[in-house]
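The next block holds one structure in the form of structure tokens; read it before the comments.
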Number of protein chains: 2
Amino acid sequence: MREKLENYFSFVFEKELLDEIEQVGVYKKLRENELLVDLGDKMKGVPLLLEGAIKIVREDKKGEEILLYFLERGDTCASSFASAISNGKCGIRAIAEKESEIIFLPAAKLDEWLVKYKTWRNFVIDSYNIRLNEMMETIDTLAFMRMDERLYKYLKDKAQIMREMSLNTTHQEIAYDLHTSRVVISRLLKQLENEGKIKLNRNRIEILEF
Amino acid sequence: MREKLENYFSFVFEKELLDEIEQVGVYKKLRENELLVDLGDKMKGVPLLLEGAIKIVREDKKGEEILLYFLERGDTCASSFASAISNGKCGIRAIAEKESEIIFLPAAKLDEWLVKYKTWRNFVIDSYNIRLNEMMETIDTLAFMRMDERLYKYLKDKAQIMREMSLNTTHQEIAYDLHTSRVVISRLLKQLENEGKIKLNRNRIEILEF
DNA sequence: TAGAATTTGTAACAAATGTTACAAATCAGC
DNA sequence: GCTGATTTGTAACATTTGTTACAAATTCTA
């Protein structure tokens, strides 16, 4: 764990903080599709993502879903931070898109470290800023793009996160993430294929153009 | 200024911090429709809103706009905070919806206060959390609601912010905020009027049902 | 008060997205 | 192999949203 921690955070956190994290942090391995945070959870800590990819999804009362963004290694979940510090509920769901490794940091330390470590302050503020920007990008996408553009962007974003030009997924799953119907996705995927941008196979989509 | 500061922040900030804010903060009065922050600005400080209402708008490269949310008294602009601390550019535009009063806090103090005052840490974290939640609500609205629902919600939200059941606005302005066309707004407003929820006049919309 | 500018109403049509229904293809397990 | 479940393709149609065009109503200004 120390090794992975050093890998991604030695340029972010000072040595003393890394030591503390190693002491109090709880390492956890997530298998693919494992649920990390559910809607309404009260977080007792914050996850630091060491490896893998995590999908953050918003759900409303009626159970309708939409993908907000993905977390990559080095990221943390700002919404958990909110929930952990203020003891409130989390408004999102987090699911591992592939096998991932995290370190869980206990809520009690979060505020203490803000005082003690400038690098921690920077990290927290940066995380919030990154997340705000991510949310703005999501809003841009929803407000300004048509479904065909959103779909193509989704495929490219996911390929980047998964570090794979070939995605294992079904039309139905994509429809859930983009909050539309399977038929619409099938139609637009076929259109993208005709334009030569992707290649369709059962349970697999290859991205040909980036 | 001290009086207004005490009014809304005496239960938020400790006395020493209020003193410091009074010393270094710059008071400013904004007239209606005055531009406070523009797209791409580098913020040299953060505004605290003492009085009034400020509209936060997102704009993409093509000049297309959409309303993100409103700020009320007691609020601050998380996006400015981001920009001020990291010396980056601001991704939004802020415009006074009505005459407003703000205090501008210099960037230099922001980090210093994080160490010195627990109340400031709470305020900053809370502000980020409130903004993240506001963004999620905006995303819910865009992803899950039809235009007629969005329009009605917009009217009610704006009435609340302006503390007025009667809004001075045109169909075109609403269309800009919701990123649609004037004709669509006129059509849906007429529909809401027929349902007895609002009453239409030139340059004025009364909300009858809340 | 006449004429210009702004705001609103509405029709007719186009495009995008959503829905229902069903068939064909592929796969998993026996 | 056969059978049932899953996934994909596609047609036909409904609904929502966007566009163009133009007239009427209201306000502003000279």
Side-chain angles (χ1 to χ4, degrees), chain A residues 32-33 60 62-67 139-155 158 166-208, chain B residues 32-33 60 62-67 139-155 158 166-208:
Chain A
E32 193 174 330
N33 293 320
D60 75 350
K62 284 160 267 162
E64 302 193 277
E65 272 193 23
I66 188 155
L67 171 72
I139 288 175
D140 286 353
T141 303
L142 286 169
F144 304 138
M145 289 164 80
R146 281 201 317 279
M147 192 56 84
D148 54 346
E149 301 174 277
R150 285 178 56 199
L151 174 57
Y152 191 38
K153 176 178 180 354
Y154 169 88
L155 294 174
K158 186 150 174 175
S166 176
L167 303 173
N168 288 307
T169 183
T170 66
H171 299 186
Q172 183 60 70
E173 273 187 71
I174 300 176
Y176 285 139
D177 282 350
L178 299 184
H179 191 252
T180 179
S181 80
R182 197 272 309 168
V183 180
V184 170
I185 293 297
S186 292
R187 182 159 60 207
L188 295 174
L189 280 173
K190 183 55 68 183
Q191 187 183 299
L192 286 174
E193 187 176 43
N194 290 336
E195 291 167 9
K197 293 177 180 163
I198 61 173
K199 172 125 205 317
L200 296 175
N201 306 87
R202 189 186 170 95
N203 288 319
R204 196 162 51 82
I205 299 174
E206 287 170 70
I207 290 146
L208 304 177
Chain B
E32 193 174 329
N33 292 320
D60 75 348
K62 284 161 266 163
E64 302 192 278
E65 272 193 24
I66 188 154
L67 171 71
I139 289 175
D140 286 353
T141 303
L142 287 169
F144 304 137
M145 288 164 80
R146 282 202 317 279
M147 192 55 84
D148 54 346
E149 301 175 276
R150 284 178 57 199
L151 174 58
Y152 191 38
K153 177 178 177 358
Y154 168 88
L155 295 173
K158 186 151 176 175
S166 174
L167 302 173
N168 287 307
T169 184
T170 66
H171 300 184
Q172 183 60 68
E173 272 187 71
I174 299 176
Y176 285 140
D177 282 351
L178 299 185
H179 191 254
T180 180
S181 79
R182 198 273 308 168
V183 180
V184 170
I185 294 297
S186 294
R187 182 159 59 206
L188 296 175
L189 280 174
K190 184 54 70 182
Q191 187 183 298
L192 286 175
E193 187 175 44
N194 291 337
E195 292 168 8
K197 292 178 179 161
I198 60 172
K199 172 123 205 320
L200 297 175
N201 306 87
R202 188 184 170 97
N203 288 318
R204 195 161 53 81
I205 300 174
E206 287 170 70
I207 290 145
L208 303 178

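All values below were derived from every heavy atom in this structure, side-chain atoms included, with hydrogens, water molecules and symmetry-related copies excluded. Everything numeric in this text was worked out from a predicted model, so none of it was measured. Protein chains get the first letters and strands the later ones, always in sequence-line order, with residue 1 at the start of each.
- When side chains are defined from C-beta on, A:Asn194 counts as touching A:Lys190, because their heavy atoms get closer than 4.5 Å.
- As a whole-Å value, the separation of A:His171 NE2 from D:dT8 P is 4 Å.
- B:Arg150 has its CZ atom 15 Å from the P atom of D:dT16, to the nearest Å.
- Put simply, the side chain of B:Leu142 reaches to within 4.5 Å of the side chain of B:Ile66, judged on heavy atoms.
- Distance, A:Glu173 CD to D:dT6 C1': 13 Å, rounded to whole Å.
- To the nearest angstrom, C1' of D:dT16 lies 14 Å from CG of B:Leu151.
- Put simply, CG on A:Asn203 is 13 Å from C1' on D:dA5, counting in whole angstrom units.
- To the nearest 0.5 Å, the span separating CG on A:Leu178 from CZ on A:Arg150 amounts to 5.0 Å.
- For the helix from C:dT1-D:dA30 to C:dC30-D:dG1, the end axes, each set by the C1' atoms of five terminal pairs, are bent relative to each other by 30° (nearest 10°).
- Side-chain contact between B:Leu192 and B:Leu155 is present, with heavy atoms from C-beta onward closer than 4.5 Å.
- Among the protein residues, B:Thr170 comes within range of the sugar-phosphate backbone only, with heavy atoms under 4.0 Å from sugar or phosphate atoms but none that close to a base.
- Side-chain proximity of B:Val183 to C:dT10, C:dA25, C:dG9: nearest is C:dT10.
- If you measure from atom CD1 of B:Ile174 to atom C1' of C:dT7, you get 12 Å, rounded to the nearest angstrom.
- The interatomic distance linking B:Asn201 (CG) with D:dA25 (P) rounds to 16 Å, in whole Å.
- The cationic atom of B:Lys197 (NZ for Lys, CZ for Arg) lies less than 6.0 Å from the six-membered ring centre of B:Tyr152 and within 45° of the ring axis.
- For A:Ser181, taking side-chain heavy atoms from C-beta onward, the closest of the listed nucleotides D:dG9, C:dG18, D:dA25 is C:dG18.
- The CD1 atom of B:Ile174 sits 6.0 Å away from the CG atom of B:Leu151 when rounded to the nearest 0.5 Å.
- Between A:Glu149 and A:Arg146 there is a side-chain heavy-atom pair separated by less than 4.5 Å.
- Residue B:Ser186 is the one, among B:Ser186 and A:His179, whose nearest nucleotide of DNA chain C lies closer to the 5' end (criterion: closest heavy atom).
- Atom OH of B:Tyr176 has 12 or fewer heavy atoms from other residues, nucleotides or ligands within 6.0 Å.
- Projected onto DNA chain D by closest heavy-atom contact, A:Arg202 and A:Leu189 fall at different nucleotides, the more 5' of which corresponds to A:Arg202.
- One interatomic measurement links the two molecules: CZ of A:Phe144 to P of D:dG18, which rounds to 12 Å at whole-angstrom precision.
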At a cut-off of 3.5 Å, list every protein nitrogen or oxygen paired with a nitrogen or oxygen from nucleotides 15-17 of chain C, distance to 0.1 Å.
| unit_1 | atom_1 | unit_2 | atom_2 | d |
| --- | --- | --- | --- | --- |
| C:dT17 | OP1 | A:Met147 | N | 2.8 |

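- The base of D:dG9 sits within donor-acceptor range of the side chain of A:Arg182, with an N or O pair under 3.5 Å.
- Put simply, the side chain of B:Thr169 does not reach to within 4.5 Å of the side chain of B:Asn203, judged on heavy atoms.
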